[in-house]
Amino acid sequence: MANKLGILLSGRGSNFLAIADNVAVGKIPAEIAVVISNKPYAPGIQAAEQRGLNAHVILGKGLARVEHDAAIVACLREHRVDLVCLAGYMRLLSPVFLEAFPQRVLNIHPSLLPAFPGLDAQKQALEYGSRITGCTVHFVDEHLDHGVIVTQRSVAVLPDDDEHSLSARILEQEHIAYSEAISMVLSGEYEVQGRRYLRKSR
Ligand code: GRF
């Protein structure tokens, strides 16, 4: 796989910035070809502009999901993106999108999947009484927070944790995990075997 990344975000953009920092110092052998937000005032897209990256807002409002996804796919193709990274992108992708980038879309989720998919995963872990949670980077498939797992990092739930403190410690691990996962995918050394992402046998 070549090495042009497309980032999709909807908000803060701290995962995007961690990726961008690792690209800048050569830890990820790639370039960020384009950053796309579906929200005009997302801090993440403003940060992308400030860094001089190609930054586009593609609003979903008033469009069917398929139309919105087609517009995003067109933009990603225009920038010759090889690997799409969802970084706090708060919309589900339609099959149109996934067919355009088969096994080429990554997402990060703040729990150890398959535990606690969906919204407020950190709160779900606290309320369930989990002693360990973490984050997962996975390929996106047609089901929510479900595709093949690329990497995971664990985080202990401490007795005095609240949603805020736990989320902050998970986020630190997210920033490491996402870059690791991107490097793994771009290395070409791994392949999907069933549900597992394993080093290719020579
Ligand atoms: C992260 O917790 C990520 O796991 C989830 O959305 C949040 C995005 O945070 N999918 P940020 O915008 O990258 O700071």
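Atoms considered below: every heavy atom in the structure, side chains included; atoms not considered: hydrogens, waters and symmetry mates. What you see is a predicted model, and the numbers here were worked out from it, not measured in a lab. Every number for a ligand or one of its atoms is a count from 1 in the order of the listing.
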For L126, the rest of its hydrophobic cluster, which grows through side-chain links under 4.5 angstrom
V155, V157, L166, I170

Residues 54-66 side chain polar contacts: donor-acceptor under 3.5 Å, at least two apart:
residue : atom : partner : partner atom : Å
N54     : ND2  : A33     : O            : 2.9
H56     : NE2  : H79     : NE2          : 3.3
R65     : NH1  : L92     : O            : 3.2

Lys/Arg-Asp/Glu bridge criterion (N-O < 4.0 Å) met for E189, K200:
no

Short side-chain donor-acceptor distance under 3.5 Å, H138 and T136
no

Show which side-chain atoms of residues 7-21 pair as donor or acceptor with protein atoms under 3.5 Å away, not counting sequence neighbours.
residue : atom : partner : partner atom : Å
S10     : OG   : N38     : OD1          : 2.7
S10     : OG   : M90     : N            : 2.8
S14     : OG   : H175    : NE2          : 2.9
N15     : ND2  : E174    : OE1          : 3.0
D21     : OD1  : R51     : NH1          : 2.9
D21     : OD1  : R51     : NH2          : 3.1

Show the short N or O contacts, below 3.5 Å, that ligand 1 makes with protein N or O atoms; if there are none, say 'none'.
residue  : atom   : partner : partner atom : Å
ligand 1 : 2 (O)  : E174    : OE1          : 3.2
ligand 1 : 2 (O)  : E174    : OE2          : 3.0
ligand 1 : 4 (O)  : I108    : O            : 3.4
ligand 1 : 4 (O)  : E174    : OE1          : 2.7
ligand 1 : 4 (O)  : E174    : OE2          : 3.4
ligand 1 : 9 (O)  : R12     : NH2          : 3.1
ligand 1 : 10 (N) : I108    : O            : 2.9
ligand 1 : 12 (O) : G13     : N            : 2.8
ligand 1 : 13 (O) : S14     : N            : 3.4
ligand 1 : 13 (O) : N15     : N            : 2.9
ligand 1 : 13 (O) : N15     : ND2          : 2.9
ligand 1 : 14 (O) : R12     : NE           : 2.6
ligand 1 : 14 (O) : R12     : NH2          : 3.1
ligand 1 : 14 (O) : S14     : N            : 2.8
ligand 1 : 14 (O) : S14     : OG           : 2.6

With distance as the sole criterion, is a donor-acceptor pair present between the side chains of Q122 and Q124 under 3.5 Å?
no

